[in-house]
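The structure appears below as structure tokens.
A note on names: the letters A, B, ... follow the listed sequences, proteins ahead of strands, and every chain is numbered from 1.
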There are 2 protein chains.
Amino acid sequence: MRIGELAKATGVDVETIRYYEKAQLLSAPTRSDNGYRAYTQAHLERLAFIRHCRALDIPLADVRRLLTFVDSPHSDCGEINHLVDAQLAKVRARLASMQALERQLMALRGLCLAPHAASECGILHELVAAAHGEACACHPRSKGSATLK
Amino acid sequence: MRIGELAKATGVDVETIRYYEKAQLLSAPTRSDNGYRAYTQAHLERLAFIRHCRALDIPLADVRRLLTFVDSPHSDCGEINHLVDAQLAKVRARLASMQALERQLMALRGLCLAPHAASECGILHELVAAAHGEACACHPRSKGSATLK
DNA sequence: TAGAATCTCTGGAGTGACTACAGGGTCAAG
DNA sequence: CTTGACCCTGTAGTCACTCCAGAGATTCTA
């Protein structure tokens, strides 16, 4: 199988496959007489594994660890659990901050509903106000007056 | 104000401030006799503005655009709305994929509750199964048998 | 006043995970 | 025989920082 076929079969870009080889995630395949990379079914499976992990946003360093487990079936899988747990925690933390971000942007967007002069734009005012340490729609002060007069 | 004081006042790292200067987001301040950067209140406000935008995950290129609006108060703010809307759409898209990701990882995690040999680890089986195009707990096949026998 | 700790400077390299070239070689179809 | 699709290597660019080396300036403590 040539690199283009492998790319099509797995949905991974050709350049990315070469990158994975250089990054030691995919072993270097044998070469045909013309110097083209010749991949086997084993490569395809390994690449699909990597792609699946990446779809789960698992960093390449962790994918590398997981691959060693695939290669040594008698080792203990405790670290695998740990790895997935860590990934889940990371995703959840990002999820929470994303949700806060969405709320902040919605509050900001609500300050300017129709276009007008920038000097009167609620959004710009809001962003500038942050510079003065005033309460803003995004990050209301927890204590004291959260309302601007 | 020296760079360290500015950093403390805004919560932006010293190196990041210098980076913003190089990236043309913050104008180069005058220098003291010893060559140290001497910042003004205007710099502080501008930096706070940038920081606030970054807290909203607005890319630096967009922050640069926003700063031109701050500098030209008579321009129309339509682009500001557009920019915030685009940011909101981006955050929402990421939010959705993050939520899917969380579900996938939870499904994966449920496959191995106690550590044992890697060869029998449900998580590893699952990740490897993806290589064969089989249905997996993360991405069940829409048609046909979604259950593994 | 000496020495140490802290601050500041510049320029350059490193991060993650690709992505995009430039400049060439190989191969099949028309 | 030329066109186009594919493949090769190596390098540089992306984003937004972050870290480092090696040097000079300032400030604190003994």
Side-chain angles (χ1 to χ4, degrees), chain A residues 1-26 28-40 43 46-47 49-67 83 86-87 90-91 94 97-98 101, chain B residues 1-26 28-39 43 46-67 83 86-87 90-91 94 97-98 101:
Chain A
M1 202 182 337
R2 296 197 310 193
I3 199 169
E5 298 169 70
L6 182 62
K8 200 170 274 178
T10 56
V12 177
D13 194 86
V14 165
E15 306 257 28
T16 305
I17 295 174
R18 284 197 280 253
Y19 168 75
Y20 285 162
E21 183 181 326
K22 204 161 45 176
Q24 314 250 53
L25 275 123
L26 207 53
T30 55
R31 300 291 181 122
S32 314
D33 292 348
N34 54 18
Y36 289 8
R37 287 172 179 82
Y39 292 98
T40 64
H43 284 105
R46 210 167 177 90
L47 185 54
F49 179 93
I50 296 169
R51 193 178 106 84
H52 194 62
C53 291
R54 289 297 300 138
L56 295 171
D57 210 23
I58 296 171
L60 288 185
D62 288 353
V63 176
R64 216 174 274 122
R65 290 289 302 134
L66 285 174
L67 282 169
L83 224 139
Q87 184 61 17
K90 215 170 67 183
V91 166
R94 266 197 277 176
S97 81
M98 277 283 172
L101 197 49
Chain B
M1 201 184 333
R2 296 197 311 194
I3 200 167
E5 298 169 70
L6 182 62
K8 200 170 273 178
T10 56
V12 177
D13 194 86
V14 165
E15 307 259 26
T16 305
I17 296 174
R18 283 196 281 254
Y19 168 75
Y20 285 161
E21 182 181 328
K22 206 162 41 177
Q24 313 251 53
L25 275 123
L26 209 54
T30 55
R31 299 291 182 121
S32 313
D33 293 348
N34 55 18
Y36 289 8
R37 289 171 178 82
Y39 292 98
H43 284 105
R46 209 168 179 89
L47 185 54
F49 178 94
I50 297 169
R51 193 178 106 84
H52 194 60
C53 291
R54 290 296 301 137
L56 294 172
D57 210 23
I58 296 171
L60 289 186
D62 289 352
V63 176
R64 218 175 271 122
R65 292 286 305 130
L66 285 174
L67 282 169
L83 223 138
Q87 184 62 16
K90 213 170 69 183
V91 166
R94 265 195 279 175
S97 80
M98 276 284 166
L101 197 50

_Spacing between B:Ile3 atom CD1 and D:dG24 atom P, to the nearest angstrom_ = 20 Å

*With distance as the sole test, does A:His52 use its side chain to make a donor-acceptor pair with the main-chain N or O of A:Phe49 at under 3.5 Å?*
no

_How many whole angstroms separate atom CG of A:Leu6 from atom P of D:dC6?_
15 Å

*Side-chain N,O (B:Thr16) to OP1/OP2 (D:dT18) below 4.0 Å*: yes

*Can you tell me how far P of D:dC15 sits from CZ of B:Arg64, to the nearest Å?*
9 Å

*For A:Arg18 and C:dA20, is the shortest distance between a side-chain N/O and OP1 or OP2 below 4.0 Å?*
no

*Once you round it to whole Å, what is the distance between P of D:dT18 and CD of B:Glu21?*
18 Å

*Give a yes/no answer on whether the side chain of A:Tyr36 brings an N or O atom under 4.0 Å of OP1 or OP2 in C:dC27.*
no

*Where the side chain of A:Arg54 meets the backbone of A:Val63, is there a donor-acceptor pair that is under 3.5 Å apart?*
no

_Looking at A:Asn34, I'd like to know whether one of its side-chain N or O atoms comes within less than 4.0 Å of OP1 or OP2 on D:dC7._
no

*asked:* Given 3.5 Å as the limit, does a donor-acceptor pair link the side chain of B:Arg2 with the main chain of B:Tyr36, or not?
replied: no

*Does the C:dG16 base have a donor-acceptor partner in the side chain of A:Tyr19 within less than 3.5 Å?*
no

*asked:* Let's see if you can work this out: which of D:dC17, D:dC19, D:dC8 has an atom nearest to the side-chain heavy atoms of B:Glu15?
replied: D:dC19

*Once you round it to whole Å, what is the distance between P of D:dT9 and CD1 of A:Ile17?*
13 Å

*Is B:Arg2 near enough to C:dC9 that one of its side-chain N or O atoms lies under 4.0 angstrom from OP1 or OP2?*
no

*Length of the line joining B:Leu26:CG and D:dC17:P, which is rounded to integer Å*: 13 Å

_Could you measure the distance from the NE2 atom of A:His43 to the CG atom of A:Leu6? Nearest 0.5 Å is fine._
8.5 Å

*Nearest whole angstrom, please: distance from the P of D:dT26 to the CD of B:Glu5.*
14 Å

*Closer to the 5' end of DNA chain D via nearest nucleotide, is it B:Tyr20 or B:Asp33?*
B:Tyr20

_Under-4.0 Å side-chain N/O to phosphate OP1/OP2 contact, A:Arg31 with D:dT9_ = yes

*Is any side-chain nitrogen or oxygen of A:Arg37 closer than 4.0 Å to OP1 or OP2 of D:dC7?*
no

*When you get a sec, tell me which of D:dC8, D:dC17, C:dC18 is the closest nucleotide to the side chain of B:Leu60?*
D:dC17

*Could you check how far CD1 of B:Ile58 sits from P of D:dC17, rounded to whole Å?*
13 Å

*Between A:Gly35 and A:Lys22, name the one whose nearest nucleotide on DNA chain D is closer to the 5' end.*
A:Gly35

*Are A:Pro29 and A:Met1 side-chain neighbours, meaning at least one heavy-atom pair lies under 4.5 Å?*
no

